[in-house]
Every structure is written in C-alpha cells, then in structure tokens.
There are 4 protein chains.
Amino acid sequence: MTSQKSSEELKTRAPKRQRGHDRVAVLLEAAAKVFARRGYDAATMTEIAAEAHSSIGSLYQFFPTKPLLAEALHIDRLERLKAGLRDMAERSIGLSAAGSGEAIFDALAAFIEQYPEFPVLAGRRDIPKDRKARSRAELRELIAAFLRQAHPPITDDIVLMAGIVLELLRIAVVVSSDPDAAEDRRVFAELRLMLRKRLEDATAKD
Amino acid sequence: MTSQKSSEELKTRAPKRQRGHDRVAVLLEAAAKVFARRGYDAATMTEIAAEAHSSIGSLYQFFPTKPLLAEALHIDRLERLKAGLRDMAERSIGLSAAGSGEAIFDALAAFIEQYPEFPVLAGRRDIPKDRKARSRAELRELIAAFLRQAHPPITDDIVLMAGIVLELLRIAVVVSSDPDAAEDRRVFAELRLMLRKRLEDATAKD
Amino acid sequence: MTSQKSSEELKTRAPKRQRGHDRVAVLLEAAAKVFARRGYDAATMTEIAAEAHSSIGSLYQFFPTKPLLAEALHIDRLERLKAGLRDMAERSIGLSAAGSGEAIFDALAAFIEQYPEFPVLAGRRDIPKDRKARSRAELRELIAAFLRQAHPPITDDIVLMAGIVLELLRIAVVVSSDPDAAEDRRVFAELRLMLRKRLEDATAKD
Amino acid sequence: MTSQKSSEELKTRAPKRQRGHDRVAVLLEAAAKVFARRGYDAATMTEIAAEAHSSIGSLYQFFPTKPLLAEALHIDRLERLKAGLRDMAERSIGLSAAGSGEAIFDALAAFIEQYPEFPVLAGRRDIPKDRKARSRAELRELIAAFLRQAHPPITDDIVLMAGIVLELLRIAVVVSSDPDAAEDRRVFAELRLMLRKRLEDATAKD
DNA sequence: CATGAATGAGTATTCATTCAT
DNA sequence: CATGAATGAATACTCATTCAT
C-alpha cells in the first residue's frame with residue numbers, strides 16, 4: 001500500500017505458458033479495437049479488458065500500465081508494417097520509381113485501413129521523443145530501401161523521397177478514417193499522382 | 001465524459017459589457033495556451049482558469065462546458081484563419097496559380113505556428129461530424145476562391161486543388177510541432193515544390 | 001487523463017475562505033481518528049472523508065495526497081507538542097532535574113494518550129530521513145531546554161539526558177495503547193523512577 | 001484485508017518431506033527479508049515468492065494467507081529468541097544481576113540486528129490481542145528466569161525487572177534500525193547503564 | 001458577476017487469493 | 001506439489017461541474 005517500489009522499470013511481462021500467449025494476443029487485439037474506437041486518452045483499461053472478455057487483473061498481469069500496453073501494441077503494429085514493407089520490397093524488384101511510390105502509398109493506406117489504431121498509437125503524446133524519432137527513421141529507411149531498388153535508379157536524395165512518402169501517409173490516415181468523404185478520395189488519388197510525377201522527375205533518364 | 005447536459009441547450013454566454021469582453025478574450029487565450037501545451041483531453045478547466053489568472057467559477061460563467069470552450073476557441077481561430085486568407089486573397093490579385101499555392105502553403109504553416117492549439121482543436125474527437133465537414137468545406141472554398149483569381153487561370157478542378165492544399169496543411173502541422181527536425185523541414189520544402197509543380201501543370205498555357 | 005504534470009511539487013493547499021478553514025480542521029481531526037484506529041497503511045482516504053462527513057473530493061481539495069495529509073497532521077501534532085513543552089517549561093521554573101524529568105515523562109504520556117495518532121504518524125515509513133531527524137532534534141532540544149533550567153543544574157550532558165527522555169517516550173506509547181495491561185503500568189512507573197534516579201545522579205550536589 | 005477465510009480453519013500446512021522442509025525454510029527467510037525491507041503492509045506475497053525464487057502458488061501451498069505466513073515467521077523468530085535466551089541462561093550461571101541485565105540487553109540488541117523483521121512482525125496490527133500478550137508473557141518469564149539465578153539474588157519483583165528489560169528492547173529496535181545515529185548509540189549505552197544501576201539497587205546486599 | 005469550496009462518478013492500478021494445467 | 005495465469009474488490013486520485021457566499 002505504501003510501497004516505495006524501488007524504481008525498477010516496469011516492463012511488459014512475457015507470458016510463460018501457452019494460455020498466457022493466447023491471452024496476450026487477445027488483449028492486444030482488444031486494445032487495438034478500443035484505441036481505434038475511442039482514441040488513446042478516452043480508452044479505458046476497463047473497456048479494453050471487457051472487450052477481451054477478460055478481467056482487469058489479467059490485463060494488468062501482462063501490461064502493467066496503460067502506456068506500456070499502448071507501446072506494446074504500437075511496436076507490434078510497427079513490426080507488421082515493417083514486415084509488410086520488406087515483403088513488398090522483395091516482390092517488387094525491378095519496379096520503376098514511380099511504380100514503387102504508388103505501391104507504397106497504397107500499401108500504407110491499406111495498412112491504416114486494417115489497423116486504424118495505428119495513427120492513434122503513433123500520435124499519443126507521451127511517447128518519448130527519441131522513440132518517436134527512431135520509429136520514423138526506421139520506417140523512412142525501409143521506404144528508402146524500397147526506392148533504392150527502382151529501375152532506372154532515382155537520382156535525387158532517396159531518403160528525402162522516403163520522407164515525402166511518409167508524410168503523405170498522414171493524408172492517407174485522414175482519408176481512411178472518413179469513409180463517406182468521396183471528395184477526400186479524389187484528393188487522395190491526386191496526391192498519389194503527384195507522388196508519381198515527383199518520382200518520375202527524380203528518375204535518371206536511362 | 002461526465003457531461004450531463006441540462007435540458008436547455010447550453011450555449012456560450014455572450015458577455016454584455018466591455019469588462020466581460022476582455023475577460024472572455026483572456027480566458028480564450030489561456031485556453032489556447034493550455035490546449036496547445038497539454039492537448040485537449042489532458043487540458044483541465046482548472047489549469048485554464050489558473051492560466052487566465054481567473055477562477056473556475058468565472059471560467060464557467062462564460063463557457064459552461066469544456067467542449068463549448070473548445071468550440072468557441074476553435075471558431076475564433078477558424079475566423080482568424082478565414083480572415084487571413086481573405087485578406088491574403090485581396091493582396092494577391094494577379095498572382096500565378098503556382099505562386100498562390102506557395103503563398104497559401106506558407107500562410108497555413110505560419111498560422112499553425114502562431115496558433116499551435118489549432119490542430120488540437122480541429123482534431124478533438126467530439127466534434128460533431130457535420131461541423132467538422134462544414135469547417136473543412138468553408139476552408140476549401142476560401143482556398144478555392146483564392147486559386148480562382150490566379151493568372152493564367154487554373155484549368156483543372158479548382159476545388160480539388162484546394163483540397164490538396166488543405167491536406168498538405170497536415171504536414172505543416174507536424175513540421176511546426178517538431179522544431180529540431182531538420183529533415184522534416186526539407187520534406188516540407190519539397191512538398192511545397194511539388195505543389196508548385198502541380199499547380200503549374202494545372203495552369204492554362206496562355 | 002494522460003497528464004504529464006510538470007513536476008510541480010504537490011503541496012497542501014491553504015484554504016482561502018472561512019468555510020475552507022473549518023473544513024480543513026474537521027478533515028484533520030477525522031484523519032487523526034482514522035490513523036489512530038487503523039494505522040497509516042490501513043487508513044483509507046475514503047474512510048477519512050467519511051469520518052469527516054465530507055466527500056472524497058473535498059478531502060483532496062486540501063490534501064492532494066495521503067502522505068501529504070499525514071504530514072500536515074504530523075506537523076500539527078508536533079506543533080502542539082512543542083507548544084505544550086514550551087508552556088510547561090515556563091510554568092516549571094525552579095524545579096529539580098528529577099522533578100523536571102518526571103514532569104516531561106508524564107506530559108509525553110498524556111500527549112500520546114490525547115493524540116494516539118502521533119506515534120502512527122511518527123512511525124510511518126515514508127517520512128524523509130532528514131525530516132525525521134529534524135523532528136527528533138527539535139524535540140530533543142526542547143526537552144534539553146527544559147532540563148537546563150533545573151535547580152540545582154545538571155552536570156552531565158544535557159542533550160544526552162534529553163535523548164533518554166525521548167526514548168522513554170516509546171515505552172509510553174505502548175503502555176498508553178494497551179489499556180488493560182496493568183502490568184505495563186507498573187513497568188511504566190518503574191521506568192519513571194529510573195529516570196528520576198538517573199537525573200538525581202546527574203545533578204550537581206549544590 | 002481481503003481475506004475470506006473458508007469454513008475450515010486455515011493452518012500453515014506442515015510439509016511432509018525433506019524437500020518441503022527446505023522449501024519452507026527458504027520461503028520463511030525470503031519473507032523475513034521482504035518484511036524487513038518493506039514493512040508488513042507493503043510486503044507483497046508476490047515479492048516474497050520472487051525473493052525465494054519460488055512461485056506464488058508454492059508460497060500459498062505452505063502458507064495459505066499472508067497473516068499466517070507472518071505468524072509462522074514470527075513464531076520462528078520467537079523460538080529462536082527464546083532458545084537464545086535459554087542458552088544464554090545456561091552459560092551465565094553465577095552472574096550478578098547487573099551483569100545479567102547487561103547481557104540480556106546486548107543479546108536483545110544483537111537479536112534485532114540479526115533479525116530486523118522481528119519488530120515488524122511483533123508490531124503488525126492484526127495480531128490477536130491474546131497472542132500478543134502471551135508472547136510478551138513468555139519472553140518476560142524467560143528473562144525473569146534468567147534474572148532469578150543471579151548471585152546475589154534480586155530482592156525486588158523479578159517479573160517487573162524483566163518487564164523493564166523487555167521495554168528497553170524497544171529502544172534497541174530504533175537504535176539498531178538507524179545506523180548513522182551516533183547520538184542514538186550513546187543513548188543506548190546510557191540506558192544500558194541505567195539498567196545496570198537499577199539492578200544493582202535491586203540486589204540483596206549479601 | 002467573482003470566487004473557491006463541494007461533489008462524486010470515473011480511472012488506473014494493486015494485491016491477496018484461487019485454480020487449471 | 002509446482003507453476004503462473006485469472007480474478008475482482010479495494011484504493012488513491014482526477015476533474016468536470018455545481019453552488020453557496
């Protein structure tokens with residue numbers, strides 16, 4: 001009660017049993033739903049536990065704080081995103097820069113549609129600055145790697161181009177979140193086109 | 001979260017006297033600071049009152065709920081933005097489309113730098129869908145009006161172009177909020193360039 | 001909700017209205033009762049608020065954390081004790097060392113009987129080391145001052161003697177807390193006698 | 001706090017095998033460390049299990065509730081203390097009363113230094129009144145027995161003298177717990193001296 | 001109107017204890 | 001027996017909002 005917990009860093013506890021593993025997965029998906037539905041601040045641990053058909057105690061067994069839960073989920077989604085991009089890169093060898101750009105653009109949009117909690121998690125205000133920066137850098141590097149294998153090669157600064165793609169992601173976010181905005185869809189398509197044009201310009205005339 | 005609207009529609013009460021006007025202004029600016037500093041959810045009415053060197057009682061005198069306060073501030077900022085755009089339009093007659101685009105782009109970035117609470121307010125999750133749509137439509141129309149007076153005229157869908165400019169605003173948000181991101185600034189500049197190119201393409205060759 | 005309170009030291013808020021002052025007094029007495037009844041850890045803020053016929057919110061209005069409440073009460077009791085000792089000192093000029101010792105001994109026992117929460121507060125585990133030391137030093141000094149005015153004067157180390165009296169306080173605590181222990185009372189009396197003897201030994205034969 | 005005793009009296013289960021015995025010992029020592037470190041309330045069953053490199057399940061196998069664990073440990077320590085006193089008594093036949101007093105005084109201090117969890121256990125608030133009284137009586141009797149064999153014999157009430165020694169234990173507690181208090185050490189020595197004097201007075205002049 | 005005290009539902013989190021494997 | 005997951009009542013604390021002065 002009056003514990004003065006030695007400042008041991010709290011950490012997500014790894015489950016040691018199969019049941020635990022399953023539960024963790026269920027809890028994460030429940031958290032995803034609730035974060036997507038309510039946003040980070042308004043999401044409550046109670047609602048997440050309920051969504052997982054679990055007890056609040058079980059939730060805390062594995063995720064000892066709300067920020068840690070959010071972070072665990074964020075990392076999971078980030079891994080999926082990175083895996084997806086890597087996967088795409090493999091299957092897209094030989095694409096033109098412009099084609100690559102469009103492919104990534106579409107992939108990002110699809111990702112956000114599938115994981116609407118992602119922008120919520122990425123945007124929460126309590127992420128340590130450096131972690132935020134690191135995540136962005138990783139993503140940018142993955143996109144850059146993707147663009148680097150374009151044929152003919154891109155002559156402009158590839159990391160910069162990657163940054164652009166990433167920023168355009170933000171727009172994808174909004175468009176994805178607003179299903180009735182027919183207008184937005186056209187804007188989205190238009191931006192996709194702008195990206196294509198830009199990458200064509202950045203391409204060496206072979 | 002704990003709002004229990006009484007039967008009568010709550011409305012921001014208009015102050016009857018000069019002193020009231022001043023007080024309202026002070027309260028709004030205080031709210032702006034706190035929203036910018038903490039975000040919408042984490043901002044507390046108490047902190048806002050304190051920031052205004054006022055009491056909660058006084059705050060509630062004018063703004064009977066937190067959402068209403070946010071909305072009042074949001075509307076104020078929207079008015080300023082619209083006024084700024086109108087003003088700019090007047091002073092920019094005869095600009096090329098590309099020049100107009102850049103001008104707006106810069107203006108939006110500057111606006112957000114001056115009013116960092118704006119994206120917070122625009123992003124809060126409890127805005128009625130229709131109000132959100134309306135705000136966006138108004139802004140889009142103002143930008144469209146701006147673009148319409150370009151010389152030579154734009155041949156493509158002007159409202160679409162306006163939508164694009166508006167979406168790019170999101171990127172400005174991030175760039176403005178992250179002062180150390182040198183990389184981001186380059187991306188920002190690059191997007192600005194992309195916009196210019198796109199508008200040049202959309203221009204009738206006179 | 002996700003507030004990252006800048007690390008402003010939380011402090012007991014001073015009431016600015018008469019009503020507030022009254023309430024603070026009531027809350028402190030309620031806390032005293034509950035701490036005495038349950039001990040520090042087992043005492044709950046809820047029970048304290050209830051004991052004060054107040055709401056939990058009101059309690060927190062003035063005492064933003066449980067440790068702070070305990071500390072405020074502790075300080076209050078310490079003040080009373082010091083005032084009592086000072087007062088006693090005035091009224092006891094000319095007493096012999098042995099008489100002084102007995103007087104203080106009795107006074108301490110009476111104090112603890114009146115304020116049974118005192119040992120609870122003094123013993124809670126989260127008091128900063130230095131504050132604990134300071135309190136003890138203050139008390140020791142007051143007792144020392146008391147002893148210093150004895151006639152004939154004490155020849156031994158007075159501060160040491162004061163320390164002894166203070167330690168004997170611990171015994172008073174137990175004896176006071178255990179009302180049925182007839183045996184304990186005799187022990188208490190015996191210790192009182194030992195103190196008298198010791199102080200007689202420490203006295204200059206005038 | 002949340003104990004829901006099932007109908008059958010819960011009792012510390014005696015282990016049937018050697019392995020069980022070892023485990024119990026390890027668990028008790030772990031509990032000792034944690035109680036000493038955190039105090040009774042703040043000590044958690046989980047931390048105790050961890051300290052024992054065991055699981056909560058195992059801990060509960062042997063000690064079905066936290067109070068029962070505390071009590072088992074308390075009894076163990078009490079046994080050790082009693083054994084130690086008995087042992088000392090044997091080896092100290094023929095000592096003077098004053099010498100005996102000092103010997104016990106030192107022995108108690110040493111005991112508490114070795115078993116710092118002892119005062120924590122003895123002080124916990126949920127000990128049944130009668131058990132508390134019984135423990136004290138036992139100890140007092142042991143000390144009395146010790147004093148009874150002094151030469152020359154004590155003429156005053158021996159049980160009373162024993163009570164005094166026991167009360168002085170409290171002071172030993174504090175002095176032992178506060179390693180930096182040089183002042184306290186002097187007080188401790190002084191009390192030891194007072195005890196010697198008192199016992200000399202209580203001795204028949206042979 | 002201004003002020004600040006009063007209210008209490010709501011939130012994150014803890015921890016003793018139970019139970020399935 | 002060992003293990004660690006499951007449970008949920010209990011607790012400290014927050015904050016929008018109301019109201020007496």
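A note on names: the letters A, B, ... follow the listed sequences, proteins ahead of strands, and every chain is numbered from 1.
- Of the candidate nucleotides E/dA12, E/dT3, E/dT17, E/dT17 has the atom nearest to the side chain of D/Pro67.
- Taking CG of B/Leu59 as the reference point, atom OG1 of B/Thr46 lies at 8.5 Å (rounded to 0.5 Å).
- In the set F/dA6, E/dA6, F/dC1, the nucleotide with an atom closest to the side chain of C/Ser55 is E/dA6.
- Taking atom NE2 of residue D/His53 and atom P of nucleotide F/dG4, one finds them 14 Å apart after rounding to whole Å.
- In the set E/dT11, F/dG8, E/dT13, E/dT11 carries the atom at the smallest distance from any side-chain atom of A/Thr44.
- Separating the CG atom of B/Asp41 from the C1' atom of E/dG10 is a distance of 14 Å, rounded to the nearest angstrom.
- Rounded to an integer number of Å, the gap from CG of B/Leu59 to P of F/dC15 is 15 Å.
- When each of B/Arg77, B/Arg38, B/Arg37, B/Lys33 is checked for a salt bridge (Lys or Arg N to Asp or Glu O under 4.0 Å) with B/Glu117, only B/Arg77 meets the rule.
- Listed nucleotides E/dT18, E/dA6, E/dT14 differ in distance to A/Tyr60; the shortest reach to its side chain belongs to E/dT14.
- Rounded to whole angstrom, the span from the CZ atom of B/Phe63 across to the P atom of E/dC1 amounts to 13 Å.
- In the set E/dT13, F/dA5, F/dA16, F/dA16 carries the atom at the smallest distance from any side-chain atom of B/Lys66.
- Side-chain proximity of A/Phe62 to F/dA5, F/dA16, E/dA12: nearest is F/dA5.
- Residue order along DNA chain F, read from the 5' end via each residue's closest nucleotide, puts A/Arg13 first among A/Ile56 and A/Arg13.
- We find that CG of B/Leu69 is positioned 16 Å from P of F/dC15, with the value rounded to whole Å.
- Among E/dA2, F/dT7, E/dA6, the nucleotide with an atom closest to any side-chain atom of C/Ser58 is E/dA6.
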**Report entry** Candidate pair D/His74 and D/Arg131, rule side-chain hydrogen bond (donor to acceptor under 3.5 Å, both in side chains), full reasoning
**Finding:** CA-CA 11 Å; D/His74 190 188; D/Arg131 184 178 297 277; over 6 Å; no
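- Rounded to whole Å, the distance from CD1 on A/Ile48 to P on F/dG8 is 18 Å.
- Rounded to a whole Å, the CG atom of D/Leu27 is 13 Å from the P atom of F/dC1.
- Under the Watson-Crick and G-U wobble criteria, each requiring two contacts below 3.5 Å, nucleotide E/dA12 is paired to F/dT11.
- At least one side-chain nitrogen or oxygen of C/Arg23 sits closer than 4.0 Å to the OP1 or OP2 atom of E/dT7.
- When distances are taken from the side chain of C/Ser54 to each of E/dT7, E/dT13, F/dT3, the shortest belongs to E/dT7.
- For E/dT18, the paired nucleotide is F/dA5, the pair qualifying as Watson-Crick or G-U wobble because both relevant distances are below 3.5 Å.
- When the P atom of E/dT11 is taken as reference, atom CE of C/Met45 falls 21 Å away, rounded to whole Å.
- If you find the closest nucleotide of DNA chain F to C/Ala43 and to A/Gly57, the one lying nearer the 5' end belongs to A/Gly57.
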